[in-house]
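Whatever order the structure lists ligands and atoms in, that order sets their numbers, starting from 1. Just so it is clear, the values below take in all heavy atoms, side chains as well, and ignore hydrogens, waters and symmetry mates.
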Amino acid sequence: MGERVLVTGATGKTGRSLVSLLNAAGLPHRAASRGGAAPFDWSRPDTWDAALREVGSVYLVAPAGVDDAPARMAAFLDLAIRHGARRLVLLSMASLPAGGPGPGQTHQWLQDNAEDWAVLCPTAFMQNFSEGPFLASIRDEDTLYSNTGQGRVPFISTLDIARAAFAALTAPAALNRDFTLTGDESLSYDRVAELIGQARGRPVTHAHITTAAMAERFVRRGLSEGMAMFLAAGYQTIADGAQDHIADGLRALTGQPATRFQAFAEANAAVWTRP
Ligand SMILES: NC(=O)c1ccc[n+]([C@@H]2O[C@H](COP(=O)([O-])OP(=O)(O)OC[C@H]3O[C@@H](n4cnc5c(N)ncnc54)[C@H](OP(=O)(O)O)[C@@H]3O)[C@@H](O)[C@H]2O)c1
């Protein structure tokens, strides 16, 4: 048993920021991913023992594109508990209940098997615009393409998710519940385009496209047709208002308000500027 925090997905959007917070606080940790400081692969159980050495708590980011990820994560969590890990904090997503697909299965596993756990359920990340699927067309075509219509989302910054994860990992007692993490303002994609345009000093247009056209854009980015359709259908639910709910999970964990989209856009203005 140890005190080290194992951060999976440590090179990703939330994991990277969590590692910075742990560094700043001087807390021992291991940054794990396939390309990170500690080699760790969800598909390769032979990498798991070394990752779990002297670990007291784990931040869990479900892998995309790994077959049967929930079963692999359950096997890993069994091993983590046998290694002496006490606290387990999972990144899931808003509106996905325990028992739902993907991370919902791991959420259920924690409820059923763990003594000290928390599940973070964020809405869509602000960083999807600055380093995710929307960046290239905003920068290169001054256009944000989506099938979200006039639907609104209380986007959350991955820095805020990392702060929530840090709070859950270091809380003095077991939390044993889930936390829905959202921003404090619900924005349409029209408004997102406007705020990014203002921040970088050059207008951005929100092009309203169909769900089929959205899927086609994902296929052109290299996703399989099935995954592209799944994601595009997810964005379609935004048009129907599925994500337009503000929750208090971030404040409950950190005591802090959420980053505002305008502040995020101003801090990242350079990434949307063509060289
Ligand atoms: N994006 C959103 O708006 C959003 C909203 C709500 C919830 N989420 C959830 O957030 C999570 C992260 O999603 P993201 O797309 O933003 O990714 P991300 O965390 O930015 O990147 C994925 C991370 O996982 C690691 N990884 C990938 N495959 C791996 C494997 N086989 N073994 C070990 N590590 C692996 C990657 O590092 P290496 O490549 O170095 O291995 C990277 O560190 C997902 O579970 C997603 O469902 C996302």
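- Judged by the 6.0 Å distance and 45° axis criteria, R177 is positioned over the aromatic ring of F179.
- The list of salt bridge (charged side-chain N to carboxylate O under 4.0 Å, His left out) pairs with a residue in residues 157-171, not counting sequence neighbours, reads D160-R163.
- In this structure, ligand 1 sits under 4.0 Å from heavy atoms belonging to G9, A10, T11, G12, K13, S33, R34, G35, F40, D41, W42, V61, A62, V66, L91, S92, M93, P122, T123, A124, F125, N128.
- Applying the side-chain contact (heavy atoms from CB on, under 4.5 Å) criterion to N23, with sequence neighbours excluded, gives V19, H29.
- Remark: aromatic rings of Y59 and F166 are distant, center separation not under 6.0 Å.
- With sequence neighbours left out, S92 forms a side chain to side chain donor-acceptor pair (under 3.5 Å) with no residue at all.
- Stacking of R34 on the aromatic ring of F40 is not recorded, the 6.0 Å distance cut-off and the 45° axial limit not both being met.
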